[in-house]
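Chain naming here is simple, since letters A, B, ... match the order of the sequence lines and numbering starts at 1 in each.
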Amino acid sequence: MTLPDRLAQLLAQGITAAQTAGDLPAFAAPLPVVTRPRQSDKGDFSSAIALQINRSVNEALAAAGRPTLAPLQIAAAIARHLPADPCLARVEVAPPGFLNLFVAADWLAQQVEAIVRRGPAYYHTDLGKGARVQVEFVSANPTGPLHFGGARNAAIGDTLARLLSVCGYEVQREYYINDRGAQVDTFAATLWRRYQQLHGLDVSIPPDGYPGAYMISYARAIQAEHGDSLLALSEAEAIPIFRRLGLALVQAELADDLAQMGVFFDEWFSEQSLYDSGVFARVRAILEAQGDLYEKDGALWFRASRYLPKSDRDEVFLRSNGEPGYYASDIAYHYHKFIIRGFDWVIDVWAVDHQNQAARMPAMLLALGIDPKRLSIVLYDLVTLKRGGVEVKISKRSGELITMREVLDEVGSDAARFFLLSHSNEARIDFDLDLAVAQNAENPVYYVQYAHARVASILRKAAAQGLSSEGANLSLLNHPAELALLRKMLQLGEVILEAVRHLAPHHLPHYALDLARTFTAFYDACRVISSDPADAELTRARLRLVEAVKITLAHVLELMGMTAPETM
RNA sequence: GCCCCCGUAGCUCAGCGGUCAGAGCGAGUGCCUUCUAAGCACCAGGUCGCAGGUUCGAAUCCUGCCGGGGGUGCCA
């Protein structure tokens, strides 16, 4: 349980006690909300519960013919009946009716021992209670290298997966490969022609093909493995083979690029497999039996409007050319996720240009008898890539694209991830490559990592001097900078929960910066390793504190998929 | 036309119902014989797009405008 939860319960008990004593009338009080006030003089936490229950209290009092109470008096009554607790030093009542809670310094200091003993697990919860959750992310079309926009998807999805893991969920990471349909056919045709060209044939790539140079690289790879043995194939024979070979090459490259960012998938799920395994046919049969499919304009439609009363819009299931539309694949795919694989919760990470698609998902889930609440779609805005203030167009078709690998090579995975995570999902990101490189040394990411390296440096020096933190008297930690650092560390648990509840990983980099700043202030104000023998005990306690800081900083960095350097 | 997102300090962005509005970068002034100066201290900078409304209380919720971006039935 996080500290604010614990304090909220104390307040709830205080209200009950005040009611029992007759200082407050009987009524059903909501669970108090405890927040961190901006100003530290307003306490470590505060609650506006007295203001919130003001009306209920006074209605109950009026009904009983008793004099009414001002919010300030209600707050005072709660404060009077607050049970004693080691974590709570004191409570102040502030106008117009706030309860400002001050955490006990000694309790704070004792948490250091718990952090060092338990490690990162100190900040973990079992919010998920072992529920199986799938995070499906990136899932870019497998027709070429990942462009930089995909890096944001990767950063968000992977960090969400990491966050869910430490909140008691059993997490599966999945990449959905759109390995069927017109785009992949065009991709295969292009590859086939490039392969022919490598052997001197005078052919050109299809007009709507993929002109990028990377297609030639793929063709070379196929040439290297198969020589000219595929030249004799007819086009009809060649396309399926080049599709298979090409997709394998792309997937290997995608996996490699993503690995460079520290992103790994448990499953690469093939769209085509939904058709090969008969899942699509099964889903179609279910919908047909339910009368959810009908014909119009030569196409087969899914009656989505039946499930969404506010919409009169239906979706194409089979196109007039007989091919399934993407929506049809999505139905079969989500049937596979929920019904066949039985995930309790599925999170799809999509770019905003899929917003309409996202809005249509509930209809299919309802048709399949799946509670729409079991699907969360995280929409994030696009990344505009710039060079020297000028926008760089990202297009797979133009052949001139900025790949994720290119950007990672320039700015590094750590900086890219930190930057991409630091914006809320809904915010558009302007990423200026020149700026990112120029500001390298000033990038906040290095500030955070530098703090970790400093911590490591202190601990190295202590070890070299044979100093130990075992058995430290933590109550010696009462310097304002030490207490501020303790408070900031404990906040991590709340930040993790907040990020999971809102599927908003951007809280992490902001917290990381905050923590690094608080540590640096401590570093500046408090010398850890003292040469004065009289300070031996304080040194011991501060070393213990610094060990806890290292665990905490390293953990935040790990959650963001970043490295925690020992030296810089 | 309709739907979604954004509009907060010079720039990039947090904050999204609470008690004097924050950070990074940039600008200014100081600080390296003790654990890493990729650092620190001080200083400057904001009618939280505009107008109404709800509330004890609004940057935060609602409505309408304005500006920017995205989407809008057989591409995914």
Side-chain angles (χ1 to χ4, degrees), chain A residues 33 35 37-39 41-43 46-48 51-52 54-55 70-71 94-98 100 139-141 176 178 180-184 271 296-302 304 313-330 350-360 379-382 384 419 422-432 435 439-451 453-462 464-465 502 506-507 509-511 513-514 517 520-521 523-531 539 542-543 546 567-568:
Chain A
V33 175
T35 57
R38 289 187 208 278
Q39 292 79 33
D41 63 311
K42 304 292 193 299
S46 74
S47 178
L51 293 157
Q52 283 149 0
N54 179 33
R55 180 170 295 176
F98 290 102
N100 294 336
S139 300
N141 280 337
Y176 181 48
N178 297 113
R180 64 176 304 283
Q183 289 196 60
V184 183
E271 179 185 0
K296 191 183 84 178
D297 303 333
L300 191 63
W301 294 71
F302 167 66
R313 193 179 137 143
D314 293 333
E315 303 296 334
V316 169
F317 192 77
L318 287 185
R319 296 193 270 149
S320 48
N321 64 5
E323 286 293 311
Y326 66 89
Y327 191 79
S329 281
D330 272 353
W350 294 350
V352 269
D353 51 344
H354 292 70
Q355 55 182 263
N356 280 300
Q357 188 183 351
R360 294 180 219 141
L379 292 175
Y380 63 91
D381 213 317
L382 305 172
T384 308
F419 180 78
S422 64
H423 296 61
S424 63
N425 297 334
E426 305 80 32
R428 187 185 199 87
I429 296 183
D430 281 320
F431 190 91
D432 195 310
L435 220 57
Q439 290 182 349
N440 230 346
E442 304 297 336
N443 197 317
V445 63
Y446 299 108
Y447 184 88
V448 176
Q449 293 185 318
Y450 187 61
R454 275 180 155 173
V455 167
S457 173
I458 293 171
L459 295 177
R460 266 197 308 277
K461 180 166 180 178
Q465 295 185 12
H502 295 99
H506 75 276
H507 292 300
H510 289 277
Y511 169 78
L513 207 49
D514 240 15
R517 191 165 27 244
T520 307
Y523 177 87
D524 195 59
C526 304
R527 191 171 172 80
V528 176
I529 300 172
S530 172
S531 49
T539 291
R542 284 182 172 167
L543 277 175
V546 168
T567 59
M568 279 178 80

I'd like to know if A/Glu315 reaches the base of B/rG73 with its side chain, counting only an N/O donor and acceptor under 3.5 Å.
no
Kindly indicate whether the side chain of A/Tyr326 and the base of B/rA76 share any N or O donor-acceptor pair separated by less than 3.5 Å?
yes
Donor-acceptor pair, side chain of [X] and main chain of [Y], under 3.5 angstrom:
X: A/Trp350; Y: A/Ala358; answer: no
X: A/Ser530; Y: A/Thr539; answer: no
X: A/His510; Y: A/Ser422; answer: yes

[X] has a side chain; which of [options] sits nearest to it?
X: A/Asp41; options: B/rC20, B/rU19, B/rG70; value: B/rC20
X: A/Asp381; options: B/rG39, B/rC35, B/rC5; value: B/rC5
X: A/Arg454; options: B/rG22, B/rC35, B/rG39; value: B/rG39
X: A/Thr520; options: B/rA37, B/rU19, B/rC40; value: B/rC40
X: A/Ile529; options: B/rA76, B/rC3, B/rC35; value: B/rC35

Write down the distance between [atom1] ([X]) and [atom2] ([N]), rounded to a whole number of angstrom.
X: A/Leu382; N: B/rC6; atom1: CG; atom2: P; result: 14 Å
X: A/Glu426; N: B/rC5; atom1: CD; atom2: P; result: 9 Å
X: A/Gln357; N: B/rG70; atom1: CD; atom2: C1'; result: 14 Å
X: A/Phe431; N: B/rG69; atom1: CZ; atom2: P; result: 22 Å
X: A/Asp297; N: B/rG73; atom1: CG; atom2: C1'; result: 10 Å
X: A/Arg313; N: B/rU72; atom1: CZ; atom2: P; result: 8 Å
X: A/Arg360; N: B/rG73; atom1: CZ; atom2: P; result: 8 Å
X: A/Asp524; N: B/rC42; atom1: CG; atom2: P; result: 10 Å

Among A/Phe302, A/Trp301, A/Tyr327, whose side-chain contact (heavy atoms from CB on, under 4.5 Å) with A/Asp314 holds?
A/Trp301
For A/Tyr326, all residues meeting side chain to side chain donor-acceptor pair (under 3.5 Å), sequence neighbours excluded
A/Arg360
Sequence-distant partners of A/Ser139, side chain to side chain donor-acceptor pair (under 3.5 Å), two or more places apart
A/Glu136
Sugar-phosphate, base or nothing in reach of A/Gln39, heavy atoms under 4.0 Å:
base
Touch class at under 4.0 angstrom, heavy-atom based, for A/Asn100 against every strand present:
base
In whole angstrom, give me the gap between the [atom1] atoms of [N] and [M].
N: B/rU33; M: B/rA38; atom1: P; value: 15 Å
N: B/rU8; M: B/rG69; atom1: P; value: 15 Å
N: B/rA23; M: B/rG15; atom1: C1'; value: 10 Å
N: B/rG7; M: B/rC13; atom1: P; value: 10 Å
N: B/rC11; M: B/rG39; atom1: C1'; value: 23 Å
N: B/rU54; M: B/rG17; atom1: C1'; value: 12 Å
N: B/rG46; M: B/rC56; atom1: P; value: 33 Å
N: B/rC50; M: B/rU12; atom1: C1'; value: 24 Å

Would you classify B/rC32 as syn or anti? Syn applies when the glycosidic angle is within 90° of 0.
syn
What I'd like to find out is whether the side chain of [X] reaches to under 4.5 Å of the side chain of [Y], using heavy atoms alone.
X: A/Phe419; Y: A/Val445; value: no
X: A/Asp330; Y: A/Gln357; value: yes
X: A/Gln465; Y: A/Ile529; value: yes

From A/Glu426 atom CD to A/Leu379 atom CG, the distance as rounded to the nearest 0.5 Å:
8.5 Å
dist A/Leu459:CG -> A/Leu543:CG (nearest 0.5 Å) comes out at 6.5 Å
Between A/Leu459 and A/Tyr327, the residue closer to the 5' end of RNA chain B by nearest nucleotide is A/Leu459
Starting at the 5' end of RNA chain B, which residue's closest nucleotide do you reach first, A/Ile458 or A/Trp301?
A/Ile458
Flag if over 12 foreign heavy atoms under 6.0 Å of CZ, A/Arg460:
yes
Kindly give the atom pairs (protein nitrogen or oxygen, nucleotide nitrogen or oxygen) under 3.5 Å for nucleotides 11-18 of chain B.
residue, atom, partner, partner atom, Å
B/rC13, OP1, A/Arg428, O, 3.1
B/rC13, O5', A/His423, NE2, 3.3
B/rA14, OP1, A/Ser424, N, 2.5
B/rA14, OP1, A/Ser424, OG, 2.6
B/rA14, O3', A/His506, NE2, 3.2
B/rG15, OP1, A/His506, NE2, 2.6

Going by the rule salt bridge (Lys or Arg N to Asp or Glu O under 4.0 Å), which residues pair with A/Arg542 if we only count those two or more places apart in sequence or in a different chain?
A/Glu482
Where do N or O atoms of nucleotides 30-34 of chain B meet protein N or O atoms at under 3.5 Å, pair by pair?
residue, atom, partner, partner atom, Å
B/rU34, O2', A/Arg527, NH2, 3.0

Base-paired stems in RNA chain B, each at least three Watson-Crick or G-U pairs under 3.5 Å
B:1-7 with B:66-72, B:10-13 with B:22-25, B:28-31 with B:39-42, B:49-53 with B:61-65
Where A/Ser320 and A/Asp297 come nearest, the two heavy atoms and their spacing
CB-O, 4.1 Å
OP1 or OP2 of B/rC6 under 4.0 Å from side-chain N/O of A/Tyr380:
no
Think A/Arg542 has a side-chain N or O under 4.0 angstrom from the OP1 or OP2 of B/rC35?
no
